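Only one structure is covered here, and it is reproduced in the block below.
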Amino acid sequence: MLEIKNLHATVGGNEILKGINLTINKGEVHAIMGPNGSGKSTLSYLIAGKDGYEVTKGEILYNGVDLTEMKPEVRAAEGVFLAFQYPIEIPGVPNTTFLKEALNSVRRHRGEEELDAMQFVKLIKAKAEELGIAKDMLKRAVNVGFSGGEKKRNEILQMAVLDPKLAVLDETDSGLDIDALKVVSEGVNQLRSKDRAILVITHYQRLLDHIVPDFVHVLAHGKIQRSGGKELALELEEKGYAEYGVAAE
Amino acid sequence: MSGKAQTIEQVREFTDDSYKYGFVTDVEVDTAPKGLNEDIIRFISAKKDEPEWLLDSRLKAYRHWLTMPEPEWQKPKFPAIDYQDSYYYSAPKSVGDGPQSLEDVDPELLKTYEKLGIPLFEQERLAGVAVDAVFDSVSVATTFKHKLEEVGVIFCPISEAVKRCPELIRKYMGSVVPYTDNKHACLNSAVFTDGSFVYIPKGVKCPMELSTYFRINAENTGQFERTLIIAEEGSYVSYLEGCTAPMRDENQLHAAIVELIALDDAEIKYSTVQNWYPGDAEGNGGIYNFVTKRGACRGRNSKISWTQVETGSAITWKYPSCILQGDNSVGEFYSIAITNHHQQADTGTKMIHLGKNTTSRIISKGISAGKSDQTYRGLVRMGPKAEGARNYSQCDSLLVGDKCGAHTVPYIESKNKSSVVEHEATTSKINEDQLFYLRQRGINEEAAVALVVNGFCREVLQQLPMEFAVEAQKLVGISLEGSVG
Ligand SMILES: Nc1ncnc2c1ncn2[C@@H]1O[C@H](COP(=O)(O)OP(=O)(O)OP(=O)(O)O)[C@@H](O)[C@H]1O
Ligand SMILES: [Mg+2]
């Protein structure tokens with residue numbers, strides 16, 4: 001589903017990614033761990049298509065098609081979803097208005113009929129309930145005044161509504177309380193299926209107890225330094241990143 | 001159709017799409033000869049079968065107008081207007097002696113309003129909004145007239161009001177905007193053709209929204225309408241005006257006057273959704289929208305609230321204002337101005353505090369896109385007797401792209417130590433992170449801009465009556481088309 005080959009990329013003129021190779025197949029869950037500033041979010045932005053993140057070498061293929069040629073909204077409509085590490089606030093735009101516009105844009109792209117107001121409200125209420133999201137959060141402006149954890153839950157709500165094929169979760173666990181972590185993990189696990197793929201970026205092996213990955217990768221110095229199974233996360237938790245040439249602070 | 005013709009057709013459809021009100025209605029018209037002179041004014045006055053005093057006041061205004069220099073203080077610059085190259089009166093022949101009942105209105109005109117999204121018949125039956133439809137120089141239909149009359153509300157074309165209630169017209173017309181006020185208002189006082197008149201009697205809360213829909217159709221014709229709203233003691237009315245015009249390569253002048261009078265404890269809510277033809281993407285054509293709007297809070301505890309959504313016109317130049325005469329009176333100005341391509345807008349408000357404990361509130365949201373330019377100009381004056389008066393102003397500008405401009409020019413004059421004036425202003429570029437976030441969710445760039453801008457304007461959109469808020473939101477999106485990418 002996702003093939004990243006020898007990806008080199010720059011941000012603001014600095015080379016951050018220096019030859020990433022990563023293949024994610026349908027049905028798989030991958031986790032990326034790595035020290036602060038190693039380029040994890042950069043990688044997620046490159047997959048989503050943020051301006052200013054430039055591929056200088058290599059490629060990102062999504063179902064065999066070069067992603068970098070596609071606008072962000074097309075990638076999204078094609079099923080790429082990014083749960084942001086820092087969700088963005090959009091003053092004055094109610095959460096539901098935003099979600100309805102997003103869902104209907106995606107549905108139009110997929111050749112599906114748009115949902116009318118009634119159908120949409122029904123859908124969103126059900127999803128919000130599953131994720132333990134209070135009704136008033138739906139009416140409020142997108143992420144404005146949301147607590148850190150509420151913002152993260154809101155990302156998962158959007159994911160649940162948009163029903164992506166490839167979900168990239170950038171530190172969605174950071175800032176969640178214990179109960180929320182469970183709810184969010186359940187939300188993600190529900191999405192797990194043989195024709196979807198999930199990439200979680202995290203600092204904590206704790207999350208991986210809930211969302212059990214098929215593969216764990218260590219990203220440092222702009223490269224995948226090591227890949228392994230779930231046990232790699234446990235090892236990192238114990239030893240830190242010293243062996244990858246990153247000094248413990 | 002040949003391949004080439006087809007392509008041309010498609011291109012036209014595509015480019016015309018952004019201004020969907022650009023069509024022309026083919027009706028037989030009655031026009032005054034081209035140009036401006038005393039005979040033309042006599043012609044208009046005779047067409048309307050006006051009393052002597054009104055013709056005299058028109059002529060007085062015209063003679064004064066001749067002596068007035070063109071104003072030059074505004075930011076938008078444009079070539080001198082050739083006043084002789086325009087028609088000052090144009091009316092569909094079928095209208096004959098003024099507006100009739102809906103059944104008698106020329107079907108061609110009814111179709112026009114339907115195409116504009118204002119099906120007059122339906123409005124009458126379903127929407128519960130009374131509409132006065134002004135087509136070029138005349139009113140073609142007013143709905144709900146009789147229902148309103150049952151509660152004593154008069155809602156009719158101003159030319160009809162001149163005949164029906166001349167004493168009200170003589171007492172109030174020109175009492176808020178005198179003909180000497182400014183060059184464009186003076187011209188209007190000389191050549192105004194039609195517009196709406198509203199009278200709400202003492203203690204009456206007008207049972208429905210009133211609205212006037214202005215349509216410029218004829219070529220080379222100026223529209224000079226005049227609106228007068230009088231709210232007697234303890235009365236309330238909410239009024240909305242909408243405007244569109246066909247797409248033409250020449251600029252057309254629209255110089256209106258709106259006067260509002262609120263007596264003790266009365267409230268007038270005046271909303272505008274202005275969508276005159278803005279000109280094409282290269283800046284050709286479009287309406288010059290030079291309008292004088294002013295409300296007088298004459299009574300104690302009276303309130304006048306202006307809400308405007310300005311998206312059209314090549315140049316918009318207007319400052320809906322409040323004169324807060326009565327003690328404890330309240331003035332409000334909520335504005336959204338959107339300019340795109342080569343549009344220019346110089347708009348804002350004046351709050352003149354004269355009475356004690358008067359308060360005013362100004363919320364202005366300016367959005368500039370493309371190569372457009374906008375100025376917010378706001379005057380707050382605290383008179384010597386305006387003890388305890390307060391004003392709060394907030395002016396936010398949003399820039400879409402880097403070829404547009406936004407300027408904020410506040411004027412604050414205080415002759416009273418006990419009054420308080422607060423002014424806040426911000427200017428920001430549209431936030432790329434917000435756009436990316438929305439696009440990551442599948443929303444295309446243009447729709448993302450529209451969503452962010454709608455959010456930015458929310459405070460003002462909320463002031464509009466429900467029925468129109470939805471339309472206005474769509475309009476925000478439409479007027480920003482072609483602003484990105
Ligand atoms: N606009 C920019 N200009 C220059 N450097 C940048 C820019 N954006 C990010 N960087 C740098 O790129 C590097 C990678 O950042 P990134 O956000 O991808 O790290 P991360 O692995 O997600 O870290 P964290 O675990 O703290 O979230 C950092 O050193 C960061 O400072
Ligand atoms: Mg990060």
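Computed from a predicted model, the values in this text were never measured in an experiment. Every chain is numbered from 1, with letters handed out A, B, ... down the list of sequences.
In the displayed structure, E54(A) atom CD is contacted under 6.0 Å by at most 12 heavy atoms of other residues, nucleotides or ligands. In the displayed structure, R196(A) atom CZ is contacted under 6.0 Å by more than 12 heavy atoms of other residues, nucleotides or ligands. Around atom CG of D66(A), more than 12 heavy atoms belonging to other residues, nucleotides or ligands sit under 6.0 Å away. Residue-environment remark: CD (E129(A)) stays at or below the threshold of 12 foreign heavy atoms within 6.0 Å. Counting heavy-atom neighbours within 6.0 Å of E459(B) CD, excluding the residue itself, gives a total of 12 or less.
Looking at D433(B) and K50(A), their side chains come closer than 4.5 Å, going by heavy atoms from C-beta outward.
For L162(A), the part sitting under 4.5 Å from any heavy atom of chain B is the side chain, from C-beta outward, and nothing else. The parts of E101(A) that come within reach of chain B are both its backbone and its side chain, each placing non-hydrogen atoms under 4.5 angstrom from that chain. For P94(A), the part lying near chain B is the side chain, with the backbone staying farther off; criterion is any non-hydrogen pair under 4.5 Å. Only the side chain of R458(B) comes within contact range of chain A, with at least one heavy atom under 4.5 Å from a heavy atom of that chain. Within the 4.5 angstrom heavy-atom criterion, only backbone atoms of E89(A) (N, CA, C, O) approach chain B. Residue V142(A) touches chain B through its side chain alone, counting heavy-atom pairs closer than 4.5 Å.
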Item to check | ring pair (Phe, Tyr, Trp, His ring centres under 6.0 Å) assessment of Y437(B) paired with Y86(A) | outcome: CA-CA 10 Å; Y437(B) 189 70; Y86(A) 304 108; over 10 Å; no
Next on the checklist: Set out, in order, the CA-CA distance, both residues' side-chain angles and the distance that settles side chain to side chain contact (heavy atoms under 4.5 Å, CB included) for T97(A) and N454(B), then state yes or no.
Outcome noted: CA-CA 11 Å; T97(A) 307; N454(B) 262 307; over 6 Å; no
Checklist entry - Yes or no on side chain to side chain contact (heavy atoms under 4.5 Å, CB included) for E73(A) and E445(B), after CA distance, side-chain angles and deciding distance? => result CA-CA 8 Å; E73(A) 56 267 37; E445(B) 195 177 5; 4.2 Å; yes
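Between Q440(B) and A48(A), the closest heavy-atom pair is CG-CB, 3.9 Å. Contact detail for I88(A) and Q434(B): the closest heavy-atom pair is CG2-CG, 3.7 Å. In this structure, P72(A) and R439(B) approach most closely via the heavy-atom pair CD-NH2, 3.4 Å. Across all their heavy atoms, S105(A) and G442(B) have their closest contact at CB-O, 3.1 Å. When every heavy atom of V106(A) is checked against every heavy atom of R441(B), the shortest pair comes out as CG2-O, 3.7 Å.
One distance of note links CZ of F98(A) with CG of L438(B); it measures 5.5 Å at 0.5 Å rounding. Here N444(B) contributes atom CG and H109(A) contributes atom NE2; the two are 12.0 Å apart, rounded to the nearest 0.5 Å. Rounded to the nearest 0.5 Å, atoms CD1 (I90(A)) and CG (N431(B)) are 8.5 Å apart.
Listed options G52(A), P164(A), P91(A) were ranked by heavy-atom pairs under 4.5 angstrom with chain B; first place goes to P91(A). Each of Q158(A), E78(A), M159(A) has some count of heavy-atom pairs under 4.5 Å with chain B, and the biggest count is that of Q158(A).
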